[in-house]
Amino acid sequence: MSAVAYQHFVQAKADEKAEKQAPFVSVIIPFLNERDVLEQCHLRVCNALSALNQSCEIVYVDDGSQDSSWQLVSQFQHPTHSIRSLRLSRNFGKEAALSAGLKAALGQCVILLDADLQDPPEYIPDMVDAWQQGAQVVEMQRRERHGENWLKRTTAHCFYRFMSYISDSPITENVGDFRLMDQKVVEVINTLPERTRFMKGLLAWPGFTRQVMTFDRDPRLAGETKWNYPKLVHLALEGITSFSTKPLRWATLAGLTTSFFTFVMAMVVLTKTLVWGEPVVGYPSTVLIILFLGGIQLLSIGVLGEYVGRLFIESKQRPLYVLMEETTSAPTFAQSETTK
Ligand code: UDP
Ligand code: MG
């Protein structure tokens, strides 16, 4: 065997060993003040993972909870699965919490799940099945949005359509964060450095082979959604400005179009005055045109400002989150199982 071939052989063996030691599946669960649902969530996730008959890990990420959620999760244990809990130093937002979980996850594949059980853990075995059959990303598409009103459903639908239109990496409609990703995909996502983390876009960006599975999204088990409309508008703006520069192009086009119409109008007024000698009239139309142009200008400056603001935040290079505490609970019966 040549030296190069031997090196490849050694590397392959090392990879194989690392893979064997890695948990089969990592489930990442970010939460903020979810005291009332976490026990039930833990129970259902553990049951779903136990159906896989492999050692898995659950990574809880406490996104700055003020209730006793952290005390609760840091006590969680399981006979066959390892439970890791990360505690962020304050509320950094779900996107940062997910990023912390993705960095920490060791599994051969990773599943993102909400703590409020809106994404039923019982789908995990089917998702893992699809992954084992070759899909590197399994996206869970919501069939029904139970417990969400008409306005939220409609605005969400419009937003997905709009994002798919402006973004280069296609975002599947009605697919939230609930999904499975192969470790290879997670590695790529972990290299994406941006601070403004529009997760749906970042998760879609790497590509890879995808499979879409439909599921019925349940209502929240307890507590209230952390998303209000101002937050959703902020998220939408973040998504648009971090994944497309098309709004800047539209601002330019709006400028060009208004300049063109102004030129045509100027020609008409000039001809009327010079040829027919009509006096220049139209105080109301003058005011309207000034207001219209003022509106377009302010809008364009606003669009520009959104991008400059993001550049400002990116340029500071602050960390995405700060880890305050971390606990790991190894499988409690792992030792006895290996000696059986
Ligand atoms: N969450 C979080 N940090 C936040 C807001 C939410 O970790 O700043 C968690 C929350 O505890 C839940 C998940 O993200 O586990 C989804 O949040 P929520 O149910 O409020 O969102 P919705 O399902 O209404 O979109
Ligand atoms: Mg929810």
Side-chain angles (χ1 to χ4, degrees), residues 27-45 58-74 76 84-105 110-121 123 140-157 159-160 163 171 173-179 195-203 215-236 238-239 320-325:
V27 180
I28 300 173
I29 307 177
F31 64 88
L32 170 66
N33 300 330
E34 301 284 8
R35 172 79 184 78
D36 298 336
V37 293
L38 278 167
E39 258 166 349
Q40 183 71 13
C41 169
H42 185 63
L43 195 78
R44 280 176 58 182
V45 172
I58 306 176
V59 182
Y60 286 102
V61 188
D62 181 358
D63 187 18
S65 295
Q66 299 293 322
D67 62 3
S68 53
S69 299
W70 170 256
Q71 284 72 16
L72 192 68
V73 289
S74 51
F76 284 158
R84 294 167 62 204
S85 310
L86 314 178
R87 189 181 194 185
L88 307 190
S89 60
R90 63 168 170 84
N91 177 232
F92 283 88
K94 185 186 175 189
E95 289 71 26
L98 279 176
S99 305
L102 285 170
K103 270 257 155 69
V110 170
I111 292 174
L112 309 179
L113 195 100
D114 283 359
D116 59 7
L117 292 173
Q118 284 198 274
D119 310 326
Y123 283 96
M140 300 302 284
Q141 189 173 46
R142 300 163 192 182
R143 203 178 300 137
E144 288 292 328
R145 284 171 159 246
H146 295 295
E148 286 180 4
N149 63 28
W150 172 88
L151 189 63
K152 188 161 182 197
R153 285 202 301 265
T154 314
T155 45
H157 173 73
F159 177 65
Y160 278 114
M163 270 315 288
I171 294 174
E173 192 172 340
N174 277 336
V175 174
D177 297 327
F178 186 29
R179 64 184 65 210
R195 264 77 196 149
T196 37
R197 291 187 88 76
F198 175 64
M199 253 359 227
K200 287 175 192 39
L202 289 183
L203 296 173
F215 80 109
D216 288 315
R217 187 157 157 91
D218 288 337
R220 218 171 207 285
L221 193 69
E224 293 212 329
T225 174
K226 312 290 181 300
W227 296 98
N228 48 31
Y229 274 100
K231 269 193 180 177
L232 286 173
V233 170
H234 175 77
L235 181 77
E238 213 161 75
L320 267 178
Y321 53 85
V322 178
L323 210 57
M324 181 163 76
E325 216 176 323

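Counting starts at 1 for both ligands and their atoms, in listed order. From a predicted model like this one, the values you see are computed outputs, not experimental measurements.
- In this structure, F76 and Y60 have tilted ring planes: the angle between them lies in the 30° to 60° band.
- D116 contributes atom OD2 as its closest N/O/S atom to the Mg ion (ligand 2).
- Formation of a donor-acceptor pair under 3.5 Å by the N33 side chain with backbone atoms of Q66 is found in this model.
- Counting heavy atoms only, D114 comes closest to atom 13 (C) of ligand 1 of the residues D114, D119, I29.
- Close approach of ligand 1 to E34 (heavy-atom distance below 4.0 Å) involves ligand atoms 10 (C), 11 (O), 12 (C), 15 (O).
- Side-chain contact, S69 with R35: no donor N or O sits under 3.5 Å from an acceptor N or O.
- Contact atoms of ligand 1 toward D63: 2 (C), 3 (N), 4 (C), 7 (O), 8 (O) (distance under 4.0 Å to a heavy atom of the residue).
- Within the 4.0 Å heavy-atom criterion, neither part of N33 lies near ligand 1.
- Between atom 8 (O) of ligand 1 and the options L113, N91, L117, the minimum heavy-atom separation is to N91.
- Checked for salt-bridge contact, D216 and R142 miss the test: no charged N lies under 4.0 Å from a carboxylate O.
- Side-chain atoms of N174 never come within 3.5 Å of backbone atoms of Q141 as a donor-acceptor pair (strictly under, hydrogens ignored).
- Salt bridge E95/R197: absent, no basic N to carboxylate O contact under 4.0 Å.
- In plain terms, the two heavy atoms of L32 and G64 that are nearest each other are CD1-O, 3.7 Å.
- The backbone and the side chain of K94 each have at least one atom closer than 4.0 Å to an atom of ligand 1 (non-hydrogen atoms only).
- Contact annotation: for L32 versus ligand 1, heavy atoms closer than 4.0 Å belong to both the backbone and the side chain.
- In terms of polar-atom proximity, defined here as any N/O pair under 3.5 Å, A115 does make such a contact with ligand 1.
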